[in-house]
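Single-structure report; data block below.
Order of listing sets the numbers, starting from 1, for every ligand and every atom in it. Just so it is clear, the values below take in all heavy atoms, side chains as well, and ignore hydrogens, waters and symmetry mates. These numbers come from a predicted model, not from an experiment.
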Amino acid sequence: MSGIARNYVLKFIITGDAAVGKSSLLIRLTDQRFLANPDPTLGVEFGSKLITIPEDEKVVKLQCWDTAGTESFRAITRSYYRGAAGCLLVYDVTSRKSFLNARNWLKDVREHADPNLTCILVGNKVDLCEDSGDAANNPIRTREVPREEGEAWAREEGLLFVEASAKSGQNVELAFIEASRDILNKIKRGV
Ligand code: GDP
């Protein structure tokens, strides 16, 4: 971690099932855009962004790798765990299956990533839910994963947690800031 501490360049990976919105979160973070019909993720995409950690007044350069969600790409994505300080583990709040599969992705992360890696569980697509402020403008879909359930599982596994929307931008930067803050705290403590 010492090289990371000197330069404040943090490598992040974004993982989770196909179609949960990994590419969209990355595009939202780096480009402030949302594509309703993005190209399906065919491999790995990369994005870079400078963020400021408010109370630390630290500027951190995020280097984010978006890993494909399908089984067939797993072998390729393995090498991308190497050197990662942070991970966004993404599910879709309107897909219970994607939430259940997050367990497998976490297993994969734990098997291949640095044990000190900071992982934030991101429940994406909250804009589609009836209880979301933006839902009036969207075809409403049923929330299949209550916020409390995501939160509880994250706590159990020692993950940070946030619900977000790549479409509205809600909490997207916050997810990266929360994770980066945790990583910097670990660096300060010499973990
Ligand atoms: P990936 O396969 O995990 O990278 O998922 P994509 O980023 O390709 O997104 C899959 C589909 O979900 C696309 O049609 C996106 O436009 C849509 N999508 C992604 N994030 C959101 C979101 O926050 N809200 C809504 N309503 N749709 C989203």
Over all atoms of both residues, closest heavy-atom pair of Cys129 and Val93: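 Minimum heavy-atom contact is SG-CG2, 3.5 Å.
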
Nearest atoms (heavy-atom pairs only) where Val59 meets Tyr8: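 The pair with the smallest heavy-atom distance is O-CB, 3.7 Å.
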
Part of [X] with heavy atoms under 4.0 Å of ligand 1, whether side chain, backbone, both or neither:
X	result
Ala36	backbone
Leu35	backbone
Asn124	side chain

Selected option - heavy-atom contact closest to atom 2 (O) of ligand 1, from Ala164, Gly169, Ala19: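 The option holding the nearest heavy atom is Ala19.
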
Candidate list Ile177, Val162, Val126, Val122, test side-chain contact (heavy atoms from CB on, under 4.5 Å), partner Asn171, passing option: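 Single pass found, and it is Val162.
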
Should you measure from each heavy atom of [X], which atoms of ligand 1 turn up under 4.0 Å away?
X	result
Asp17	3 (O)
Ser24	6 (P), 7 (O), 9 (O), 15 (C), 19 (C), 20 (N)
Phe34	16 (O), 18 (N), 19 (C), 20 (N), 21 (C), 27 (N), 28 (C)
Leu128	26 (N)
Lys22	1 (P), 2 (O), 3 (O), 4 (O), 5 (O), 7 (O)
Ala166	20 (N), 22 (C), 23 (O)

Sub-3.5 Å N/O-N/O distance, Asp66 and ligand 1: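 Among all N and O atoms of Asp66, none is under 3.5 Å from an N or O of ligand 1.
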
Under 3.5 Å donor-acceptor, Arg28 side chain and Lys167 backbone: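 Checked: pair present.
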
Aromatic ring pairing His112/Tyr81, orientation class (parallel under 30°, perpendicular over 60°, tilted between):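 His112 vs Tyr81 ring planes: parallel.
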
Side-chain H-bond candidate by donor/acceptor type, Thr118 with Asp182, under 3.5 Å: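 Judged by distance alone, the side chains do pair up.
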
Residues Asp92 and Lys125 bridged, charged N to O under 4.0 Å: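 Looking at Lys125 together with Asp92, the answer is yes, because their closest N to O distance falls below 4.0 Å.
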
